[in-house]
Amino acid sequence: MPLEIYLDLVSEPCRSVYIFAKKNNIPFEFKKILLFKGEQYREEFGKVNYFKKVPVIKDGDFTVSESIAILIYLAEKYGTPDHWYPADLQTRARVDEYLSWQHSGMRKHAAKILWLKAFGIDVPKEKMDSAMEDLEETLTAFEEKFLQDKPFIAGQKISLADLVAIVEIMQPLGAGVNVFEVRPKLRAWKDRVRAEIGPVLFDEAHQMIFNVEEVAKTIDPSAKEIFKPKIIKLFL
Amino acid sequence: MNMAAKKALEVYLDMLSQPCRAVHIFLNHNKIPHTVKTVALRKGENRTAEFTKLNPMQKVPVMVDNGFVLTESDAILKYLATNYHVPEHWYPRQSERRAKVDEYTAWHHNYIRPHAAKVFIMEVLVPRMTRQPVEQPKLQRALEQLGDTLDKLEGMFLKRQPFLCGDDISLADLLAVCEIMQPLGGGRDILKGRRKLESWRSRVISALQGSFEEGHQILYQLRDKTTSKL
């Protein structure tokens, strides 16, 4: 039975898994779950993943969720090039360090802005300003602590850390927020990561976020009413 | 191990911090020689120039192993488990079993850690800082959110197994139990009445023996102080 990967490319962690699998020519069946249509709440999907979230993979009888766990599992199982998740203990620890920090550092702040915009949620100015401030702080921390003067987070080569970081940092662009505009270091890093991944794959994976407003228009109004409070609860 | 080895591994900890306790208990339980440097958060010791140089994020725990500086408890625990050759069950080598531990440690960041910490912060830290009574409606919402998360913890990770990621204790259980203990500092046992989770906690404490109790002394002292005021 082929590897099944349940994904919606509008979601950042889904993009990192998708890019990784495609880049490394890992054969898989793309099981599309449309988050905006609430497909993650369907009963059959609940059987695959108790948490009703994407991404999740099903490898025969084995199921695992959480993009970090999935990426590490795939790297080991498919023997991908060492630089993705280095065998050298200290370099690996640097990757793990970023993968851990990003949960509460990057992920929270980068995602907020896009979701709020997509759902046309009226955000009070102070909250939007505060969200933008948090994002700015996070990006500064990223540049100063994790990137510093290295080409990539773990050093000379791209790793899972850069992949997990880039998909989050791209997210605000879908809301028209160009985080790279005044950050040349960040932009240079993004260009390197995009080049390593391959521009075609990178751009293809990110197409969804640029169409977020269009996609949001197709959401059933009743589904929108279900989503809005969840998003407000999550981000405000 | 010799004195040189002991000096070579340093950890910067505040025992009131949940992830610090996890690292401390792990080191002691596995008899890994190390030096503890205390960083008292409530005294602002994480904001000194010296500490900031070590960790610009001004957070604990921090590990320094022969000059190699590492932050984030997940990364520290995984590094220690591998570098110091502890029993395999802590962080299994087999890819599916390891993936389950990685899955838990990722999920933990968005659920157990923030939701349990919030209750402690609201009941103990905020009132202490503001000298105002606990904001009840906010606390109720935080408790509800924690309740949902504990339901998920039980439903997803303890369905047919004694520990969160299988038949044996792992880094997952260690990280989880330290968070779950935290509200005890305010006199609140968040597992009260949840039989399955209480049994799990007993198994974890049993597996960790003395190092668990020793690691939680400061939290117990805080509990005694807080509850004597009630």
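Just so it is clear: chains get the letters A, B, ... in the order the sequence lines come, proteins before strands, and each one is counted from 1.
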Proximal component of Asn110(B), with respect to chain A [non-hydrogen, under 4.5 Å]: side chain
Top contributor to chain A contacts, counting heavy-atom pairs under 4.5 Å, from Asp74(B), Thr71(B), Thr82(B): Thr71(B)
Chi angles and distances behind the side chain to side chain donor-acceptor pair (under 3.5 Å) call for Ser67(A), Arg15(A): CA-CA 9 Å; Ser67(A) 62; Arg15(A) 284 203 296 277; over 6 Å; no
Matching residue for Tyr104(B) among Phe157(B), Tyr91(B), Tyr111(B) - test: ring pair (Phe, Tyr, Trp, His ring centres under 6.0 Å): Phe157(B)
Greatest number of heavy atom pairs closer than 4.5 Å to chain B - which of Val95(A), Leu89(A), Asp59(A): Leu89(A)
Contact leader toward chain B among Asp96(A), Ile70(A), Leu99(A), where contacts are heavy-atom pairs under 4.5 Å: Asp96(A)
Lys145(A) and Glu97(A) ion-paired at < 4.0 Å: yes
Most contacts with chain A, counted as non-hydrogen pairs under 4.5 angstrom, among Lys100(B), Lys78(B), Glu103(B): Glu103(B)
Set of side-chain contact (heavy atoms from CB on, under 4.5 Å) partners for Asn66(B), sequence neighbours left out: Ala8(B)
Salt bridge flag under 4.0 Å for residues Glu76(A) and Arg92(A): yes
